[in-house]
Amino acid sequence: MEIYVHIPFCKRKCLYCDFNSYVNADGLIFGYLTALNREIALASDSFLKLEKNKKITSVFIGGGTPSLLPANCIEALIENVKNSFTVDDDAEITIEANPESLTEEKLAIYKRAGINRLSIGVQSLFDDNLKAIGRIHDAKTAQNAVALAKKYFDNISCDLMIGLPYDTKARVCEEVEKIAEAVDHLSVYQLILEEGTPLDLLVEEGKITLPADDEVADLMDAAVKTLRENGFSRYEVSNFARDGKISRHNLGYWTREEYLGFGAGASTFLKMSGQTPYDAEVRYSSANSIEKYVENVNGAEDYFDIPRENVEKLDDDAIVDERIMLGLRTAYGIEKKLLPISALEKYQRYFLIEGDKVRLTDEGFAIMNSVLVDVMQLK
Amino acid sequence: MGTERKTVSKKHIRNFSIIAHIDHGKSTLADRLIEKTGTVSERDMSEQLLDNMDIEKERGITIKLQTCRLYYKYKGEEYVLNLIDTPGHVDFTYEVSRSLAACEGALLVVDATQGVEAQTLSNVYLALENNLEILPVINKIDLASADVDAVKLEIEDIIGLDTEGCPLVSAKEGIGIDDLLGQIIDKLPAPSGDEDAPLKALIFDSFYDNYRGAISMVRLVDGRVKAGDQIKMMSTGKTFEVVEVGYFSPNMRAGKELTAGEVGYIAASIKNVSDTAVGDTITLALNPAKEALPGYKKATPMVYTGVFPADGARYEDLKEALLKLQLNDASLSFEPEVSTALGFGFRCGFLGLLHMEIIEERLEREFDLDLITTAPSVSYIVTKTNGEKIEIDNPTALPNPSEISSIEEPIVKALIFTPPEYVGAIMELCQGKRGIFVDMSYIDPTRVQITYRMPLNEIIYDFFDSLKSRTRGYASLDYEMDGFEKSDLVRLDMMINGDMCDALSIIVHKDNAYARGRGIAEKLKDAIPRQLFEIPIQATVGGKIIARETVKALRKDVLAKCYGGDITRKKKLLEKQKEGKKRMRKVGNVEVPSEAFISILKVDPTNN
């Protein structure tokens, strides 16, 4: 079982962001952390009762910007998780950090707290791109942060976005190479224009021009090629690692490991049919709003009394759909028998069949959704 | 129900219509007349009472004709004024002629800031054909840009009506309304007719009422009719018992009896609107009239289009909706049509483009239907090589070129009024649309009348929009049918990934085929989303490819980021994508969105 903890605070909202994060909400931090600890404690009570031996293999503190919080708060949080659950000795414990908020002092405390993996939001190594998407840091700050982090951690991942306004193939190769030189794990995400974000508006008004889809496809191809040349393997559609530095936590999502999500908007996935009040495999999330989340948690006496949103009980068809959707994201693919023979034939150009397994090629990863909507039942 | 009044003598009745160009204030004037005569209290007035439909109120036009009985005391005597509202648009000429036939007089409303327009003229001619007395009324005199003298001169020059002492009004401000009411009584003739002769009532409109069945709007020429009478429809011989007679004021009010010269309604529990055919004469079964009134020539559809439900499962709903609309709009015709791309739908015939737009809008709005319509077409007469003549209104029905000896297309006489500075642009436009110049004359130094003979096929394409954009909205257009002529026409087909899409076929002049084919191919290229394979789009004529575009294969369709394990959100995005795919039409193995079929109907006016 995995644990995800959401820290929904940011110093500034990036122009492309439609995720659950809040700026100028410092006044809520203390109350939020208190509720977070209460939710963890309530969960601990319930799950210790239910599954005494359930071991935690990974803890991920994501955001928002977790590195914005005082490091001792993070330390206390991890302490609380460790006291509440049976966390494996070799569990992967990751924190997300933004370059501008990383200090040597924080890094030292993270290490002391047992954190063993750092995920740094670099996004780009070009200042014009960083500025255009509203990042708070510049390229130099990002590179310095990575260098600093390396003094304390050997398992570091960087996030990189492609499809940014000033991206070119040469630039993407350059930044990928620089990052590959420094760290062993890289997530490459294509910029997605979410409706209603400031970036969406700027693009609509013609103030910012994003590369066309074909160009983005070319950029991704270039990034993948460069990473392979640098010894990385693509273990998931947007995740690359070298020397076994695959993220256990991320992979858990794709292999349908159970996880408990703590915090505003955090998602949980539980399989224990019969032991939860849901009587089925279930996914749900907490209220997005910080205030609402705090109110919900403080008002509950039992973990399963906390009001949840997007509750989705999974029937057999939905489980098959998920195995297809999630499994095809990975380099390990899925069991061939999950797909009808007609689908295997129709998309043979995008599939690699190895024994009783089938997975997507790089070309297939690029158009994955088109294949998925066709092969999944989706109700 | 209103208070019942005693029968009025004919000399105290005036039956009149208001004819005007759109926007010249006809409906506002009608409202003012209703208000001034106390028919509706000011408190109950909602703007433009006679325009019942939402679309009418929104667009400021009248589609269905309405009637209203007004009472007015003049020089110590009480008069009944029957106002019969008429639609102002060229498409509805047929409706206009129906209402005019029920009147002795007509008010010609002309906007003091605009002058006489093309459509005003055609309605005036209709009124003259019906031997109506026409009273010119100059409206909007309160506006700063009003030029009453110039407009008076125009009316005298173009139409030849005397404007000496004609009513000058502002319907909006209520100025001159009493004078107008007096002149209606003084200048328009009272109806003639014999109350004691056998009943002759002309049906000038009918509509369906859920409680009373099909109701006939009638003008009594001779005789009288009351509840309990057995009436006979002279065209069919069918008889019905009258349940109720009455008039509109402006809502339905039952009355004791209708007599010669009056306008009102007859309800007789008639189940089918087809039994109350417009133009038919109603008489009494016991004492029938010897011969029927002249009636009307039937309205013939001029524009045809395929109408399909965007959701194929709603075919039955579409059928129901069309049947319901047809109850009140006999000029709408339709028959089932099957398209390989769009499935089951209907081939609908309309009086014109506005009529088409309004029906489509009513289907979508009143019946909550999403529609896909194909490119409008006209009716062609095809002579086959074996001598057989067929009439087709659907491009897919066109025989093989080898079987065609000749094709004739409908021609119209187009009348355009414009300020002189746009004459060049309009002539260029008409020439480009295969127009043949007929005549041009100056109405006054600021206005020109241009006449062209043009194929209707070109008018229904994008002529009106182009005219408006080239003249910044200043030109007005009217057209009338002017026979059929042989023409060098071909069918332009569109192939998507090698498969012909029947819903996209159109009939065009050979010389225009290339430009149209290229235009449509370009539109389709933009409207069809990229798919996992390359999609050639070809325009062909008689199997020969004349234009080609390509939708490139999709290379990117992935949502990579997964925030904090939110799998549910990801699934929802995929579900949405699948929903979108479901709404698409299949042409061969290509998914074509509904918008693609609609996009080809819209032509960028700067393109031509």
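A salt bridge between Glu312(A) and Lys570(B) is absent, with no side-chain N of the basic residue lying under 4.0 Å from a carboxylate O of the acidic one.
For NZ of Lys576(B), the number of neighbouring non-hydrogen atoms (other residues, nucleotides, ligands) closer than 6.0 Å is 12 at most. For Lys525(B), the NZ atom sits in a loose shell: 12 or fewer heavy atoms of surrounding residues, nucleotides or ligands are nearer than 6.0 Å. The number of heavy-atom neighbours closer than 6.0 Å to CZ of Phe344(B), taken from other residues, nucleotides and ligands shown, is 12 or below. Counting heavy atoms of neighbouring residues, nucleotides and ligands inside a 6.0 Å radius, atom OH of Tyr474(B) does not exceed 12 of them. The neighbour count for Tyr514(B) OH, taken as heavy atoms of other residues, nucleotides or ligands under 6.0 Å away, does not exceed 12. Remark: Asp526(B) CG is packed, more than 12 non-hydrogen atoms of other residues, nucleotides or ligands lying under 6.0 Å away. Around the NZ atom of Lys169(A), the shell of radius 6.0 Å holds no more than 12 heavy atoms that belong to other residues, nucleotides or ligands.
For chain B, the nearby part of Leu314(A) is the side chain; its heavy atoms alone come within less than 4.5 Å. The contact between Lys571(B) and chain A is made by backbone and side chain atoms together, counting heavy-atom distances below 4.5 Å.
Interface remark: of the candidates Glu322(A), Glu363(A), Met220(A), Arg349(A), Glu322(A) forms the most heavy-atom pairs closer than 4.5 Å to chain B. Of the listed residues Phe60(A), Phe365(A), Phe269(A), Tyr350(A), the one with more heavy-atom pairs under 4.5 angstrom with chain B than any other is Tyr350(A). Of all the listed residues (Leu372(A), Asn369(A), Val373(A)), the one sharing the greatest number of non-hydrogen pairs under 4.5 Å with chain B is Asn369(A).
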- prompt: After noting the C-alpha distance and the side-chain angles of Ile367(A) and Leu532(B), does the key distance pass the side-chain contact (heavy atoms from CB on, under 4.5 Å) rule?
  reply: CA-CA 8 Å; Ile367(A) 49 88; Leu532(B) 292 177; 3.6 Å; yes

- request: Check step by step if salt bridge (Lys or Arg N to Asp or Glu O under 4.0 Å) holds for Glu194(A) and Arg569(B).
  value: CA-CA 13 Å; Glu194(A) 299 286 359; Arg569(B) 173 180 150 132; 3.3 Å; yes

- prompt: Stepwise, does the salt bridge (Lys or Arg N to Asp or Glu O under 4.0 Å) test hold for Asp374(A) with Lys582(B)?
  reply: CA-CA 11 Å; Asp374(A) 200 13; Lys582(B) 267 195 214 149; over 6 Å; no

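Between atom CG of residue Asn310(A) and atom CD1 of residue Ile567(B) there is a gap of 13.0 Å, rounded to the nearest 0.5 Å.
With 3.5 Å as the limit, one finds a donor-acceptor pair spanning the side chains of Asp557(B) and Ser370(A).
Screening Asp213(A), Asp218(A), Asp214(A) for a side-chain hydrogen bond (donor to acceptor under 3.5 Å, both in side chains) with Arg555(B), the sole residue that qualifies is Asp218(A).
Considering all non-hydrogen atoms of both residues, Lys578(B) and Gln377(A) come closest at NZ-O, 4.0 Å.
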